[in-house]
Amino acid sequence: CVCLEVHGFSLCPSVNFNMTPPAEEVRKRTPSDYIFGKVLGEGSFSTVYLAKDIHTNKEYAIKVLEKAHIIREKKTENVMREKEVLRILGNSSPYFVRLYWTFQDPERLYFVLSYAKNGDVLSQLEKQQCLSIECARYYTSELILGLEFLHDRGIVHRDLKPENLLFQENWHLLITDLGSAKIMTDCDNENDDFDKRRRNSFVGTAQFVSPEMLTDTSSSYESDLWALGCIIYQIVSGVMPFRGGSEYLVFQKILKLLYDFPEGFDRVAKDLVEKLLVIDPRQRLGANDEKRYTSLRDHAFFNGQNWDDLGPPPAMFDT
Ligand SMILES: Nc1ncnc2c1ncn2[C@@H]1O[C@H](COP(=O)(O)OP(=O)(O)OP(=O)(O)O)[C@@H](O)[C@H]1O
Ligand SMILES: O=C(O)[C@@H]1CCC(=O)N(CCc2ccc(Cl)cc2)[C@H]1c1ccccc1Cl
């Protein structure tokens with residue numbers, strides 16, 4: 001047939017002009033549409049399974065939450081927020097886990113997510129102590145691109161840590177666990193006050209929580225920049241900057257900025273970490289960027305980086 005290429009669509013008499021995707025991709029899913037495989041991991045309120053769609057044979061990570069447990073732990077709002085945040089993110093960023101479907105049965109909620117086949121950054125760090133400086137630079141760059149995308153949409157992650165950074169099959173980063181995320185609103189200050197009165201415990205994970213989230217339970221984009229500093233420190237050195245026998249001791253070290261760098265810590269990475277682990281959120285590198293995050297991109301640690309095309313992930317293992 002003689003096909004006419006118009007804007008990438010071939011107008012060809014024998015071609016079906018019906019633009020709706022194939023029925024199988026669109027039809028509402030239920031648990032019986034999947035074969036559930038191994039447990040990929042457990043969360044406080046969830047179990048994540050590897051699952052295969054019986055119609056398309058595609059693999060997904062299905063996060064299953066017990067309703068009774070969510071209600072008992074008063075986490076309904078977190079669940080609804082995670083879904084809302086994943087809906088806002090849609091599939092428009094390569095660096096965030098994608099939510100394909102949600103469904104429920106009387107006892108459980110199901111989130112069908114993109115499957116990160118190569119585990120999480122924490123597991124890699126446990127296998128090889130720390131990442132090479134090339135890997136650290138590459139994955140910090142992907143994380144910054146992800147944060148630019150997230151923050152530009154008014155969302156703060158609030159629980160960034162190596163175990164929430166996953167590796168896709170192609171070894172690109174996948175940021176997950178948006179259950180603690182906060183959607184910033186214009187009148188956020190009132191919300192913050194409301195949050196402060198309402199919430200007496202911090203959000204996030206002790207070793208990565210920022211000072212402001214501890215002192216006045218406020219959190220904003222700069223809280224993620226603090227966590228970024230902690231993550232860079234950990235992927236370069238293999239250990240967390242703020243460590244202690246109890247959460248209380250960790251909090252004291254964070255509030256007093258009590259940390260140091262191990263011998264041999266990359267000098268340029270050290271400078272970047274020092275510019276992020278700053279008590280005053282407004283003084284953190286990137287906090288005052290006109291356009292996010294030019295001052296991070298311009299740091300010497302990323303010298304030579306092509307931010308429009310980071311290229312393929314560097315070999316994770318020394319070959
Ligand atoms: N999309 C995914 N692909 C592959 N593995 C995943 C995926 N999502 C989660 N996992 C694995 O499942 C584990 C549990 O994830 P989940 O998000 O349910 O809990 P969590 O948020 O990590 O824990 P918590 O609720 O305590 O913060 C993760 O630590 C990770 O190892
Ligand atoms: O927001 C949605 O898409 C629907 C709306 C209708 C609905 O009933 N739910 C479940 C709401 C819910 C949340 C927590 C518990 Cl413990 C029980 C029900 C929501 C839901 C369904 C499936 C999976 C997740 C969610 Cl939040």
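Please read these numbers as outputs of a predicted model, since none were measured by experiment. Both ligands and their constituent atoms are indexed starting at 1 by order of listing.
- Considering only non-hydrogen protein atoms, atom 12 (O) of ligand 1 sits nearest to Gly41 CA, 3.4 Å.
- Salt-bridge annotation for Asp224 and Arg158: absent, with no side-chain N of the basic residue lying under 4.0 Å from a carboxylate O of the acidic one.
- Counting only heavy atoms of the protein, atom 22 (C) of ligand 2 lies nearest to Phe103 O, 3.5 Å.
- Shown here for Phe149 and Arg153, the closest heavy-atom pair between the two residues is O-NH1, 2.9 Å.
- Considering all non-hydrogen atoms of both residues, Ser114 and Val97 come closest at OG-CG2, 3.3 Å.
- For atom 27 (O) of ligand 1, the nearest non-hydrogen atom of the protein is Asp177 OD2, 3.1 Å.
- Residue Leu109 holds the heavy atom nearest to atom 18 (C) of ligand 2 of all those in Leu109, Val112, Leu65.
- Ion pairing between a basic and an acidic side chain is recognised when a charged N comes within 4.0 Å of a carboxylate O; Asp53 and Arg29 show such pairing.
- Distances below 4.0 Å separate heavy atoms of Glu42 from the following atoms of ligand 1: 13 (C), 14 (C).
- In terms of polar-atom proximity, defined here as any N/O pair under 3.5 Å, Lys83 does make such a contact with ligand 2.
- Among protein heavy atoms, the minimum distance from atom 26 (O) of ligand 1 is reached at Ser44 OG, 2.5 Å.
- In terms of protein heavy atoms, atom 22 (O) of ligand 1 is closest to Asn164 OD1, 4.0 Å.
- Every atom of ligand 2 with a heavy atom of Ile71 under 4.0 Å away is listed here by number and element: 16 (Cl).
- Atom 8 (O) of ligand 2 has Gln104 NE2, 3.0 Å as its closest protein atom, hydrogens excluded (heavy atom only).
- Shortest non-hydrogen contact noted between Leu285 and Ser295 is CD2-O, 3.7 Å.
- For atom 9 (C) of ligand 1, the nearest protein heavy atom lies closer than 4.0 Å.
- Looking only at protein heavy atoms, the nearest one to atom 11 (C) of ligand 2 is Met80 SD, 4.1 Å.
- Nearest protein heavy-atom contact of atom 23 (O) of ligand 1 is Gly43 CA, 3.3 Å.
- Scanning the protein for heavy atoms near atom 7 (C) of ligand 1, the closest one is Leu166 CD1, 3.6 Å.
- In this structure, the side chain of Lys253 engages the main chain of Arg243 through a donor-acceptor pair within 3.5 Å.
- When all heavy atoms of Tyr233 and Asp260 are compared, the closest pair comes out as OH-O, 2.6 Å.
- With hydrogens and angles left out, the side-chain atoms of Lys275 and Gln283 include no donor and acceptor closer than 3.5 Å.
- When only non-hydrogen protein atoms are considered, atom 3 (N) of ligand 1 lies nearest to Ala116 N, 3.0 Å.
- If you number the atoms of ligand 1 from 1 as listed, the ones under 4.0 Å from a heavy atom of Ala61 come out as 1 (N), 2 (C), 3 (N).
- Residue Ile70 approaches ligand 2 through these ligand atoms, each under 4.0 Å from one of its heavy atoms: 16 (Cl).
- Note on Glu42 versus Lys63: no salt bridge recorded, every NZ/NE/NH1/NH2 to OD/OE distance being 4.0 Å or above.
- Listed by number with element, the atoms of ligand 1 under 4.0 Å from a non-hydrogen atom of Ser46 are 16 (P), 18 (O), 19 (O).
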TODO: Would you please test Asn78 and Ser180 for side chain to side chain donor-acceptor pair (under 3.5 Å) and show each step?
DONE: CA-CA 7 Å; Asn78 297 62; Ser180 306; 5.3 Å; no

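- Annotation: Tyr115 places no N or O atom under 3.5 Å from an N or O atom of ligand 1; distance criterion only.
- Thr102 CB, 3.6 Å is the protein heavy atom nearest to atom 23 (C) of ligand 2.
- Of all heavy-atom pairs between Ser219 and Lys182, the closest is O-NZ, 2.8 Å.
- In summary, the side chains of Asn164 and Thr176 do not present any donor paired with an acceptor at a separation below 3.5 Å, with no hydrogens or angles considered.
- Nearest to atom 29 (O) of ligand 1 among the protein's heavy atoms is Glu163 O, 4.5 Å.
- Annotation for ligand 1: atoms under 4.0 Å from non-hydrogen atoms of Val97 are 1 (N).
- For atom 14 (C) of ligand 1, the nearest protein heavy atom lies closer than 4.0 Å.
- Residue contact check for ligand 1: Ser114 places a non-hydrogen atom closer than 4.0 Å to it.
- In this structure, Phe36 and Tyr34 have perpendicular ring planes: the angle between them is above 60°, well past the 30° mark.
- Between the side chains of Tyr100 and Asn91, no donor-acceptor pair of N or O atoms lies under 3.5 Å.
- Annotation: Leu113 places no N or O atom under 3.5 Å from an N or O atom of ligand 1; distance criterion only.
- Taking distance alone, with nitrogen or oxygen atoms compared against 3.5 Å, Lys63 approaches ligand 1 more closely than that limit.
- Ile54 and Tyr60 fall into different hydrophobic clusters, where Ile, Leu, Val, Met, Phe, Trp and Tyr side chains are chained together by heavy-atom contacts under 4.5 Å.
- Of the options Lys67, His69, Arg81, the smallest heavy-atom separation from atom 16 (Cl) of ligand 2 is shown by Lys67.
- For Ala116 against Leu166, the heavy-atom pair with the smallest separation is CB-CB, 3.5 Å.
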